[in-house]
Amino acid sequence: MTMRFTKTTNLFFLFFVLTNTLLGQSSHNTTLIGRWANGPCQAVDVSGNIACFGNGGYLKIADISNPANLIELAKILLPSVIRGVSVSGAYAYVADSDGGLRIIDISNPAAPTESGFFDTGGDAMDVAVSDTCAYVADGGDGLRIIDISNPAAPTESGFFDTGGYAHSVAVSGAYAYVAVGDGSLWIIDITNPAAPTESGFFDTDGYAEDVAVSGAYAYVADYREGLRIIDISNPAAPTESGFFDTGGYAEGVAVSGAYAYVADYSNGLRIIDISNPAAPTESGFFDTGGYAHSVAVSGAYAYVADEGDGLRIIDISNPAAPTESGFFDTGGSALGVAVSGAYAYVADGGDGLCIIQNNLLVGIEENLSPNAQNFVLEQNYPNPFNPVTKITYTLKEASDVKLAIYDITGREVSTLVSQRQNLGEYSVTFNAYDFASGVYFYKLKAGSFEQSRKMLLVK
């Protein structure tokens, strides 16, 4: 799995692993597993057991196969400050704030080398990679599309001047969505990367800090203007569907299910019900106590990087009444957070790379048996759900089948299937009318095959 996290502010990153040892300064629900202090970090990307992250003017590469014992494999000095890193295959693509796009060969993590370089001409702030193109948000020069099919000789495929300070970029399908600091969202048609064209434009009125795209909507954290919900179903004519004033300074946004989670610099975590995008309403609120910079959502928890108070873990199983489940003082300035599976990567501007445990996640984990290629267990739909969802699975051969539901502690709470079934595809409906909101797991056993998946019930 490859993840990309970039920010224009200094970042450090934090892992969450499922273990039971308590170290460091924390609440009883969090555990410090390890720390690696290296000074201010501004971006990170992870691919397999290798982490690449910006550290001042360096690109550093670490072995994270053992989160309790991080090992620096190598570092490569770059001319200026790293703003963003995206890893794809054997290469790290680095947005260099005073240089452009640098392509680093990390096929041998112990000896990274620069494969290619392209001067974007301005202030490279963020980079996203899709297929054979790198999309660079260049503060001075807009969106630069770089052909990286030959990493040793990257060339500009196309260019689009956003007219303002391009802050960040997200790519979804045939479009690039660029958040521009003058308060605008640009939708760029990248069907032909050699000739990107403006599909649509929306003036957010504020200072577009962050953008998340989900379905037919773009959710913009627009600083003083709060959360702007932009209908992008017709990219040529984006329109504002809804707006919610978070009351302070909206800096980060994450979308999960029917909710948008906004990190408001002066007001903590705001949970906005977006089930009706035309009329977003606040479902719940949690004051993180400091300065909320960014937010990531995974399952029943929101992870907030709070500059003054470290990492706050908020239980959002009941969005109307979020509560703090855990807290860890990262020691410096927590500026960014991202979560994937059992790991969360959190950036602390002063104290470096920490490894923390969320002790609440002690139930069964998602797992996959070695012969998974012979069977398929789909993600339930919809997810999150209330109160009915459908689980689909495929059997490649006749098997004794058991499909069961488990709560977060690993206790079996419902058996949906327990019989022998022939090969084929099956769908089962799970009605959780009598269950409380929260994280649940469903596990399929079919012969020697076994797999679990996570789902979220939100009432």
Is there side-chain contact between Leu143 and Tyr135, with at least one heavy-atom pair below 4.5 Å? yes
Given Glu450 and Lys443, is the side chain to side chain contact (heavy atoms under 4.5 Å, CB included) satisfied, shown in steps? CA-CA 7 Å; Glu450 183 175 323; Lys443 179 187 289 185; 3.4 Å; yes
Please examine the side chains of Phe201 and Leu185, heavy atoms only from C-beta on, and report whether any two atoms are closer than 4.5 Å. no
Going by the angle between their ring planes, with limits at 30° and 60°, are Tyr393 and Tyr426 parallel, tilted or perpendicular? parallel
Strictly distance-based, threshold 3.5 Å: is any side-chain N or O of Thr389 a donor or acceptor partner for the main-chain N or O of Pro382? yes
Any side-chain heavy-atom pair from Val388 and Thr429 closer than 4.5 angstrom? yes
Nearest non-hydrogen partners of Thr392 and Ser427, listed with the distance: OG1-OG, 3.0 Å
Closest approach of Asp222 and Ala208, non-hydrogen atoms and distance? OD1-N, 3.2 Å
Taking the six-membered ring for Trp, are Phe435 and Tyr440 ring centroids under 6.0 Å apart? yes
So which heavy atom on Asn267 is nearest to which on Thr246, and how close? ND2-O, 3.3 Å
Starting from the C-alpha separation in whole Å, work towards a yes-or-no answer on side chain to side chain contact (heavy atoms under 4.5 Å, CB included) for Ile190 and Ile145. CA-CA 9 Å; Ile190 53 174; Ile145 305 178; 3.8 Å; yes
May I have all residue pairs that pass side-chain hydrogen bond (donor to acceptor under 3.5 Å, both in side chains) and include part of residues 275-286, sequence neighbours excluded? Arg270-Glu282, Asp273-Ser275
Are Tyr303 and Tyr261, when compared by the centres of their aromatic rings, separated by less than 6.0 Å? no
Side-chain contact, heavy-atom cut-off 4.5 Å: Leu377 with Ile391? yes
Set of residues satisfying side chain to side chain donor-acceptor pair (under 3.5 Å) with respect to Lys390, sequence neighbours excluded: none
Is there side-chain contact between Arg411 and Tyr406, with at least one heavy-atom pair below 4.5 Å? no
Any salt bridge linking Arg228 with Asp205? Criterion: basic side-chain nitrogen under 4.0 Å from a carboxylate oxygen. yes
I'd like to know if Lys402 pairs up with Glu412 as an ion pair, taking the criterion as any Lys NZ or Arg NE/NH1/NH2 lying under 4.0 Å from an Asp or Glu carboxylate oxygen. yes
Of the non-hydrogen atoms in Leu457 and Phe385, which two are nearest, and what is the gap between them? CD1-O, 3.3 Å
Report yes if the distance between the aromatic ring centroids of Tyr291 and Tyr265 is under 6.0 Å, otherwise no. yes
Check Thr204 against Ser184 and note the closest heavy-atom contact, atom names and distance. OG1-N, 3.6 Å
Non-hydrogen side-chain atoms of Glu251 and Asp210 separated by less than 4.5 Å: no
Applying side chain to side chain contact (heavy atoms under 4.5 Å, CB included) to Leu227 and Val220, what does each step give before you reach the verdict? CA-CA 6 Å; Leu227 176 68; Val220 179; over 6 Å; no
Any heavy-atom pair between the side chains of Tyr175 and Ile188 that's under 4.5 Å? no
Please report the closest heavy-atom contact between Ala128 and Val171, naming both atoms and the distance. CB-CG2, 4.1 Å
Is any side-chain heavy atom of Leu456 less than 4.5 Å from a side-chain heavy atom of Lys454? no
Could you tell me if Asp264 and Ser266 have a donor-acceptor pair between their side chains, going purely by distance under 3.5 Å? yes
Would a line drawn from the ring center of Trp186 to the ring center of Phe160 be shorter than 6.0 Å? yes
Arg224 vs Tyr249, test: side chain to side chain contact (heavy atoms under 4.5 Å, CB included). Steps then yes/no. CA-CA 5 Å; Arg224 291 184 180 178; Tyr249 305 94; 3.4 Å; yes
Backbone N or O of Asn380 within a donor-acceptor pair of the Tyr442 side chain at under 3.5 Å? yes
